[in-house]
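This report refers to the structure that appears directly beneath it.
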Amino acid sequence: MKQFFLKLFTWWNSQTFGTQLWTWRFGELVGEDEQGNRYYRTKGGAIDPTLHFERRWVIYNGYAEASTITPAWHGWMHHTIDVPPAQEKFVEREWLTAPRPNLTGTPAAYRPPGSTLNIGRRPAATGDYKAWTPE
C-alpha cells in the first residue's frame, strides 16, 4: 500500500503512476545503466509532432537525481548521439569520472572562503571598499 501512495503522490521516488502509465502506453525500453536507471523512447523512435524530435526519458532507480545518469547515457538523453550505449559499445575515456550526487543543501556542499556558512572566521576587509554615504 505504501508503494502505491508513493507512486501516486511523489515524483522523486522512481516514477509516478502517470509516468508509469505513459511509459506502458507509449514507451519502448532502450537500455539500463550500471545504477539500475532505465531509459525509454517513444515506440519505434517516432518523432513527436509537437517537439519535432524523438522523446527520450529515464526512470530512475530510487531517488530521482539527474547526476546519477552516466556520461554515455547523458549524451543519448540530450540527443548528442543517436545510438544508445546499449546498442553500441561505449568507449570510456580516461578523463571521465564516476557521477557524483549534487551536494547542494547538504553539509558536504562547497562553501567558498568568506561565505557566512563556511566554518571559521571571515577574513578581514582589505581596505579596497569604501561605504557609500548619502550627502
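Position 1 is the first residue of the sequence, and the numbers go up from there.
In this pair, F53 and H79 present their aromatic rings perpendicular. The plane angle is above 60°, beyond the 30 to 60° band.
Separating the CG atom in L51 from the CZ atom in R55 is a distance of 5.0 Å, to the nearest 0.5 Å. Put simply, CZ on R38 and OH on Y60 are 12.5 Å apart, with the number rounded to the nearest 0.5 Å.
Annotation: side chain of V58 is in contact with side chain of M77 (closest heavy-atom distance under 4.5 Å). A 4.5 Å side-chain heavy-atom check between R41 and W76 finds at least one atom pair inside the cut-off. Side-chain contact between E34 and W73 is absent, with no heavy-atom pair separated by less than 4.5 Å. Here the side chains of Y63 and P101 are not in contact, with every heavy-atom distance at 4.5 Å or above. L103 places none of its side-chain heavy atoms less than 4.5 Å from the side chain of Y110.
Ionic pairing of K43 and E28 is not present here: no N-O contact between side-chain nitrogen and carboxylate oxygen is shorter than 4.0 angstrom.
Residues N102 and S67 share a closest heavy-atom pair of N-OG, 3.4 Å. Scanning all heavy atoms of the two residues, the minimum distance from G31 to A86 falls at CA-CB, 4.1 Å. R56 and D82 get closest at one heavy-atom pair: NH2-O, 3.9 Å. What you find for A72 and I81 is that their closest heavy atoms are O-CD1, 3.8 Å.
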Take W57 and Y39, measure what side chain to side chain contact (heavy atoms under 4.5 Å, CB included) needs, and give me the verdict at the end. CA-CA 6 Å; W57 66 96; Y39 298 89; over 6 Å; no

Intermediate values then yes/no, side chain to side chain contact (heavy atoms under 4.5 Å, CB included), D48 and E54: CA-CA 6 Å; D48 189 290; E54 175 186 74; over 6 Å; no

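A donor-acceptor contact shorter than 3.5 Å is absent between the side chain of H74 and the backbone of T70. A donor-acceptor pair under 3.5 Å links the side-chain atoms of N37 to the main chain of N61, judged by distance alone. Between the side chain of T23 and the main chain of G27, no donor-acceptor pair closer than 3.5 Å is present. A donor-acceptor contact shorter than 3.5 Å links the side chain of R111 to the backbone of P107.
Both L29 and I59 sit in one connected hydrophobic cluster of ILVMFWY residues. Membership requires side-chain heavy atoms under 4.5 Å apart, directly or through other members.
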